[in-house]
Amino acid sequence: MKRSWFAYPYSLWMVIFTIAPMIFVVYFALTDTSGALSLSNMAAVGQETYLKILWRSLYLALICTVICLLLGYPAAYFLASKDFNKNQTLFVLILLPMWMNFLLRTYAMMSLMENQGIINTLLKAMGLEPVRMIGTEGAVLVGMVYNFLPFMVLPVHTSLKKMDQRVIEAAEDLGANPAQVFRRVTLPLSMPGVISGVTMVFMPAVTTFAISRLLGSGNFMMFGDLIDKQFLELNNWHFGSSLSLIMMALIIISISLLNKADPKGEGSAI
Amino acid sequence: MKKNALVSILAILLACCVVMGCASALADSQKQRTLTVFNWFDYIDEDVIKMFEQETGIKVTYTNFTTNEEMFVKLEKSAGSYDVIFPSDYIIERMIKEDMLEELDMSKIPNAANLIDWCKSPDYDPEGKYSVAYMWGTVGILYDPDQVDGEIDSWGALFDPQYKYGVFMLDSIRDSFGVCLRYLGYSLNDHSEEALDAVKDLLIQQKNDNIVAGYLVDETKDKMVAGEAAMAVMWSGDAMYAIEENENLRYVIPKEGSNIWIDGMCVLKNSQHKDEAMEFINFLCRPDIAAMNQEYISYCSPIQQVVDGYDEEQLNQPALNPSAETMENCEFFHDITEFMELYESRWMEVRA
């Protein structure tokens with residue numbers, strides 16, 4: 001029995017909130033203020049100023065993804081292990097920050113990292129030199145990792161969890177030591193989760209905008225900030241759309257590269 | 001099957017339109033008087049709105065913006081949704097030029113007679129036909145005397161490398177360029193490539209010397225209260241707020257001169273509620289209401305009775321009551337829309 005009409009409300013939703021906006025973005029990106037077809041806005045993206053900002057976004061997003069992977073994989077591995085099967089506390093702790101809006105969390109990070117903030121007050125109380133954190137690239141990076149880490153842990157955890165334990169037992173029976181089991185069995189089988197995690201961290205990281213303003217004090221403009229500025233401050237929707245189009249293209253390219261590595265989409269947790 | 005889906009989608013869309021149409025017809029029939037106010041974020045004592053609703057029975061929808069530019073974008077993109085707006089001087093000038101503002105009917109705004117004289121005929125609206133002043137103020141430096149050498153009296157302090165990460169700049173093109181233009185001896189409204197290039201070099205130098213702590217707008221005042229930096233370029237009202245929270249801080253309008261501005265109240269030409277809008281403007285000009293707002297947001301009120309009520313401390317506060325010579329040395333921004341691209345490209349180079 002076909003129940004395809006179940007999907008109609010969602011199709012409508014998609015038409016209004018995904019497809020229509022995309023059409024607008026493409027239309028604005030390829031026209032100028034008079035409404036005539038023009039590639040001048042697309043060409044303007046290539047200016048040194050904007051490439052510099054794009055490069056910074058890609059580079060920070062990449063570092064953020066690597067850190068999330070290095071922190072998130074071991075955590076997911078531990079969470080999925082047998083010793084941990086019954087106790088859900090840590091798992092809840094990892095999810096807990098996601099229950100609160102990311103902007104609020106970022107404001108909280110700001111008051112932690114300010115010159116007169118909580119961390120520096122503690123340092124001073126212990127007789128140590130205060131450290132300048134707020135307004136640095138490092139602060140932006142910490143904020144990004146903090147916000148996006150759960151997106152790495154969850155898919156990796158899922159893929160480790162649904163792994164057939166008998167495969168690992170078999171490897172052990174055949175004489176593999178723990179390191180070999182991990183390298184030749186667990187890691188390859190968890191790759192779909194890793195790929196999904198990398199996608200889910202990299203995409204929001206590369207389009208970050210509020211974090212860089214709050215924790216970087218506006219010193220490190222990222223691609224998201226640049227787009228935000230075109231729409232809200234400079235009233236240049238055409239150039240803003242061109243920037244968005246480039247960003248979307250970059251994301252689509254990176255997703256398709258990743259999909260090549262995970263053709264069956266086994267790790268997809270979205 | 002696909003055809004079916006399309007038909008259903010269209011049917012749902014149609015149904016939505018019908019429902020919304022009915023809803024709005026229903027609202028009209030009830031004849032509730034309404035008004036949509038579009039004001040700066042945190043720029044009114046919200047009790048005033050409740051009082052206005054109680055006294056007049058007009059239902060107010062209150063919405064906010066953060067910068068003039070943002071407001072202008074929203075007005076263009078959703079024409080007809082707003083009635084009363086609070087633009088700054090140079091935006092009023094531009095809106096008059098573009099014929100967006102309704103001429104005010106002064107017989108409906110008798111309280112406008114309470115304005116101090118120089119605010120009655122500002123040069124952006126010489127006959128006061130389109131706007132009534134709401135608040136005015138200046139741009140200056142707010143500084144922490146414990147973190148600087150002696151007294152600050154020049155914009156030059158913003159570019160002194162001894163203040164490592166010690167200066168907050170405004171993330172606002174015209175203000176940031178404006179202070180540099182005055183420092184270099186140009187007018188705030190200069191748009192020659194020579195002047196703007198000089199400003200750009202100065203700002204890039206400032207950034208490369210690691211003097212800038214950040215480019216922010218709304219967050220700066222709280223950061224200054226907490227002692228996050230030695231000084232900040234700031235609007236006088238924000239400076240007043242910070243000084244009230246931290247008495248140690250001082251505000252100065254540098255000797256090179258600065259920007260003086262007025263935020264006015266205007267009615268949009270495409271407004272559907274012009275009478276209500278003028279009633280609202282009149283209400284805000286009533287001395288007791290103006291005093292409530294002045295006390296709440298700490299900017300300078302243009303209402304004579306409020307100024308007469310200042311105490312000694314308020315009279316001596318340059319953020320609230322600058323001296324006559326200082327005001328002589330300040331200038332208004334003018335509308336330079338057609339040259340903004342020259343500003344914007346250079347500002348992006350600074351910020352990238």
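All chains are named by letter (A, B, ...) in the order of the sequence lines, taking the proteins before the strands, and each is independently numbered beginning at 1.
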Asker: Taking side chain as everything from C-beta outward and backbone as N, CA, C, O, which of these in I53(A) sits under 4.5 Å from a heavy atom of chain B? Side chain, backbone, both or neither.
Answerer: side chain
Asker: Does E129(A) CD have over 12 foreign heavy atoms under 6.0 Å away?
Answerer: no
Asker: At a heavy-atom separation under 4.5 Å, does E76(B) approach chain A through its side chain, its backbone, both, or neither?
Answerer: side chain
Asker: Let me know if M110(A) has heavy atoms under 4.5 Å from chain B in its side chain, its backbone, both or neither.
Answerer: side chain
Asker: Is it true that R213(A) and D218(B) have a side-chain N and a carboxylate O under 4.0 angstrom from each other?
Answerer: no
Asker: Verify side-chain contact (heavy atoms from CB on, under 4.5 Å) between F231(A) and V73(B), making sure each step is shown before the conclusion.
Answerer: CA-CA 8 Å; F231(A) 282 92; V73(B) 173; over 6 Å; no
Asker: Could you walk me through whether E219(B) and L214(A) pass the side-chain contact (heavy atoms from CB on, under 4.5 Å) check?
Answerer: CA-CA 9 Å; E219(B) 293 86 0; L214(A) 291 174; 3.6 Å; yes
Asker: Count the heavy atoms of every other residue, nucleotide or ligand shown that sit under 6.0 Å from OH of Y10(A), and state whether that count exceeds 12.
Answerer: no
Asker: From Y215(B) OH over to D225(A) CG, what is the distance, rounded to the nearest 0.5 angstrom?
Answerer: 13.5 Å
Asker: Counting only heavy atoms closer than 4.5 Å, note whether Y107(A) contacts chain B via side chain, backbone, both or neither.
Answerer: side chain
Asker: If you count heavy atoms of other groups shown closer than 6.0 angstrom to OH of Y59(A), is the number above 12?
Answerer: no
Asker: Count the heavy atoms belonging to other residues, nucleotides or ligands that lie under 6.0 Å from NZ of K52(A), then report whether that count exceeds 12.
Answerer: no
Asker: Within residues 43-50 of chain A, which positions have a heavy-atom distance to chain B below 4.5 Å?
Answerer: T49(A), Y50(A)
Asker: Counting only heavy atoms not in M22(A), do more than 12 fall under 6.0 Å of its CE?
Answerer: no
Asker: Rounded to the nearest 0.5 Å, how far apart are OG1 of T136(A) and OH of Y165(B)?
Answerer: 8.5 Å
Asker: Can you confirm whether R351(B) sits close enough to K229(A) that some side-chain heavy atom of one is under 4.5 Å from a side-chain heavy atom of the other?
Answerer: yes
Asker: Main chain of L234(A), side chain of E69(B): is a donor-acceptor contact present, judged purely on distance under 3.5 Å?
Answerer: no
Asker: Let's go through T67(B) and L232(A) carefully: what are the C-alpha distance in whole Å and the side-chain angles of both, what is the deciding distance for side-chain contact (heavy atoms from CB on, under 4.5 Å) to 0.1 Å, and is it a yes or a no?
Answerer: CA-CA 9 Å; T67(B) 63; L232(A) 285 183; over 6 Å; no
Asker: Taking the side chain as every heavy atom from C-beta outward, state whether N115(A) and K223(B) have any atom pair closer than 4.5 Å.
Answerer: no
Asker: Please classify the contact between E70(B) and chain A as side chain, backbone, both or neither, with a heavy-atom cut-off of under 4.5 Å.
Answerer: both
Asker: Could you tell me which non-hydrogen atom of E228(B) sits nearest to which non-hydrogen atom of I134(A), and how far apart they are?
Answerer: OE1-CG2, 4.1 Å
Asker: Kindly give the heavy-atom pair with the smallest separation between A213(B) and S217(A), and that separation in Å.
Answerer: O-CB, 3.4 Å
Asker: Could you tell me which of M169(B), E341(B), M71(B), K77(B) has the largest number of non-hydrogen atom pairs under 4.5 Å with chain A?
Answerer: K77(B)
Asker: I'd like to know if the side chain of D171(B) reaches the main chain of G218(A), judged simply by a donor and an acceptor atom lying under 3.5 Å from each other, with no hydrogens or angles considered.
Answerer: no
Asker: Would you say CG of L39(A) has more than 12 non-hydrogen atoms from neighbouring residues, nucleotides or ligands within 6.0 angstrom?
Answerer: no
Asker: Check the pair N236(A), E344(B) against side-chain contact (heavy atoms from CB on, under 4.5 Å), reporting the backbone distance first and the verdict last.
Answerer: CA-CA 11 Å; N236(A) 195 344; E344(B) 285 161 10; 5.6 Å; no
